[in-house]
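Structure, as structure tokens:
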Amino acid sequence: MAEATEQPARPKKIRRLQIGFNVLAQIVLILFLALAVNSIAFKHYKRWDFSRDQKYALSDKTKRFLKSIKGKMRITVFFSPNTPITGDVQNLLTEYQYAGKGKIDIEHVDPERNLSRAKEVFDKYKVVTDESLLVLDYQGRNKTVKASEMADIDQSGMALGEGPRVSAFKGEQAITSAMMDLVEGKKNTLGYVVGHKEPPLSDNSTITILKTFIENENIKFQELNLFNLDAISSELKTILIFGPQYDLSDRELKLLRDFWDKQGRILLLLDPSAKTPKLDGFLNELGVKVNDDRLMVFLRTGIEEVALTRDVQAHFLGGSPVTKRLADVRALFFGGTSSLTLEPDRVRAANIRIDPLIQAEKGYFAETDYNTDDQAKLQADAKRNSDTPLTIGAAVEKGASADERVQVNSARLVAVSNAAFVQDNAVTQDQQALDFISGSVNWLLSREQLIGIAPKIPKPLVFTLNEDSLRNFRWIILIFMPLIPAVIGAVVWWQRRV
């Protein structure tokens, strides 16, 4: 029997090298995995805003706009630490960087500490103000956004020794507007029809807030007197007719019809107190009938007392791109408002589509005898007609494709039977009316991806307790809170005694 031959043992040095190589390979592999995980997490991560008032959450408008940017946007921040909104602006710009996905570069320059860099940038962009500001640069074009444009500051407490307080933060509105100016380059023009006692575009006008809001959408106004024109310029795609007090002439109506037939876009805000039968007839041709009535509602003010009001509480419908993002949002329409009768079947053969945009809340009725003081008659009409849905705003489109994914040139019109709801004395802090106008104008300009951005109003946390809640709170404070440590102490004493 042959003896088994023993295998020579491997040298210990080779075994140590193998073990060291395995350990090194494992370390390299772990480091590689750690770097890969961190790299993926750095580029693909998700942020959530759980704050109560969503102060820094960007609107859908800004997010969609940032996705459409092709090049790099560089933002240089010149903010003094003493500026009340410094922290708000920094947090907001962080959200811009995240939503921009690498398209936004931000440089922070403290003008009080880094004087050389501040002077260098000031000279480059020709900045001549000492106010805190942002400088936006896009493909050789630049624009500044001052701190005063990003917030409303309340200084009423300065006399009492208090510091300035931010009453409304408008950072997103100002920054996105400046970005739109840079990316789009040329401003869109909105023709404003004059000559029929419409509100003027001057600084002391009743529509100053509306004018500023629309101009922040990278849109400029151009007065348009139809009486002096042979035709509306082909460069003008959209016009605004705001509460004319006198009717349009036959010549002006012909220009308006020609403009519509050439895929024109019209925003029409009517004043029901003005008699404009020819303008109403133009709307009637498109399937929208302006009724000679007023919307009213009886509100209970006591046990048996009721009051009649003509201010209309209405809500936006979500069936149109104009109001899709305002669906079920409520707004108040002050003054007189008439109802609109939509007749889509009558104009369907002409390839005209009609969508209701705004409806009055339940309980309102359309009164044709709106000058009467007979309360019994008004109450009888209210009981008879209060369940009928009443439309006060509509969108009309002619020549559009049935498939929303197919973009074709079409004529578009938005009509509202109330022109006072966007005047300065009617616009509220929530700005539902301005958001609706923003959506209307952007739809007319074929910029459906853009909507208005309302300022963020600081909302203090307030607890309201009624008498029953106060009584329950008193029992919790006086009885239950002292009882908890007493019970725990009794249990501990009993266990030790046992």
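Not measured: the values here are computed from a predicted model.
The pair Glu397-Arg412 meets the salt-bridge criterion, with a side-chain N (NZ, NE, NH1 or NH2) lying under 4.0 Å from an Asp/Glu carboxylate O. Looking at Asp381 and Lys377, a side-chain N of the basic residue comes within less than 4.0 Å of a carboxylate O on the acidic one, giving a salt bridge. A salt bridge between Lys254 and Asp258 is present, with a side-chain N of the basic residue lying under 4.0 Å from a carboxylate O of the acidic one.
Between Phe221 and Tyr192, the ring planes lie perpendicular to each other; the angle is over 60°, past the 30° to 60° tilted range. Between Phe365 and Phe298, the angle of the ring planes stays under 30°, which puts this pair in the parallel group of the 30/60° scheme.
In this structure a side-chain-to-backbone donor-acceptor pair under 3.5 Å is missing from Asn142 to Val135. A distance-only check finds no donor-acceptor pair linking the side chain of Ser205 to the backbone of Leu201 [under 3.5 Å]. Of the possible donor and acceptor atoms, none in the side chain of Thr189 sits under 3.5 Å from a partner among the backbone N and O of Leu236. Put simply, the side chain of Tyr364 gets close to the backbone of Gln313: a donor and an acceptor are under 3.5 Å apart. Using a distance-only test at 3.5 Å, with no hydrogens or angles considered, a donor-acceptor pair links the side chain of Asp311 to the main chain of Gly335. For the pair Arg265 (side chain) and Ser410 (backbone), a donor-acceptor distance under 3.5 Å is present. Put simply, the side chain of Lys197 never gets that close to the backbone of Val194: no donor and acceptor are under 3.5 Å apart. Judged by distance alone, the side chain of Asn225 and the main-chain N or O of Gly195 form no donor-acceptor pair under 3.5 Å.
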Start with the C-alpha distance between Thr309 and Val297, add both sets of side-chain angles, then the distance that settles side chain to side chain contact (heavy atoms under 4.5 Å, CB included), and finish with yes or no. CA-CA 6 Å; Thr309 180; Val297 68; 3.3 Å; yes

Would Leu279 and Leu256 count as a side chain to side chain contact (heavy atoms under 4.5 Å, CB included) here? Give the steps. CA-CA 10 Å; Leu279 187 57; Leu256 192 64; 4.0 Å; yes

With salt bridge (Lys or Arg N to Asp or Glu O under 4.0 Å) as the test, would you mind laying out the steps for Arg251 and Asp230 before giving the verdict? CA-CA 9 Å; Arg251 184 174 182 277; Asp230 295 328; 3.4 Å; yes

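Annotation: the span from Leu445 atom CG to Thr238 atom OG1 amounts to 4.0 Å, rounded to 0.5 Å. Separation of atoms CG (Leu92) and CZ (Phe169) is listed at 5.0 Å; rounding is to 0.5 Å.
For the pairing with His315, the side chain to side chain donor-acceptor pair (under 3.5 Å) check across Glu361, Arg330, Gln432 returns one residue only, Glu361.
Geometric assessment of Lys101 against the ring of Tyr98 yields a positive cation-pi assignment under the 6.0 Å and 45° thresholds.
You'll find the side chain of Ile104 reaches within 4.5 Å of the side chain of Leu66, heavy atoms only.
Around the NZ atom of Lys72, the shell of radius 6.0 Å holds more than 12 heavy atoms that belong to other residues, nucleotides or ligands. Counting heavy atoms of neighbouring residues, nucleotides and ligands inside a 6.0 Å radius, atom CG of Asn228 exceeds 12 of them. Around the NZ atom of Lys103, the shell of radius 6.0 Å holds more than 12 heavy atoms that belong to other residues, nucleotides or ligands.
The list of side chain to side chain donor-acceptor pair (under 3.5 Å) pairs with a residue in residues 240-249, not counting sequence neighbours, reads Gln245-Asp271, Ser249-Glu252.
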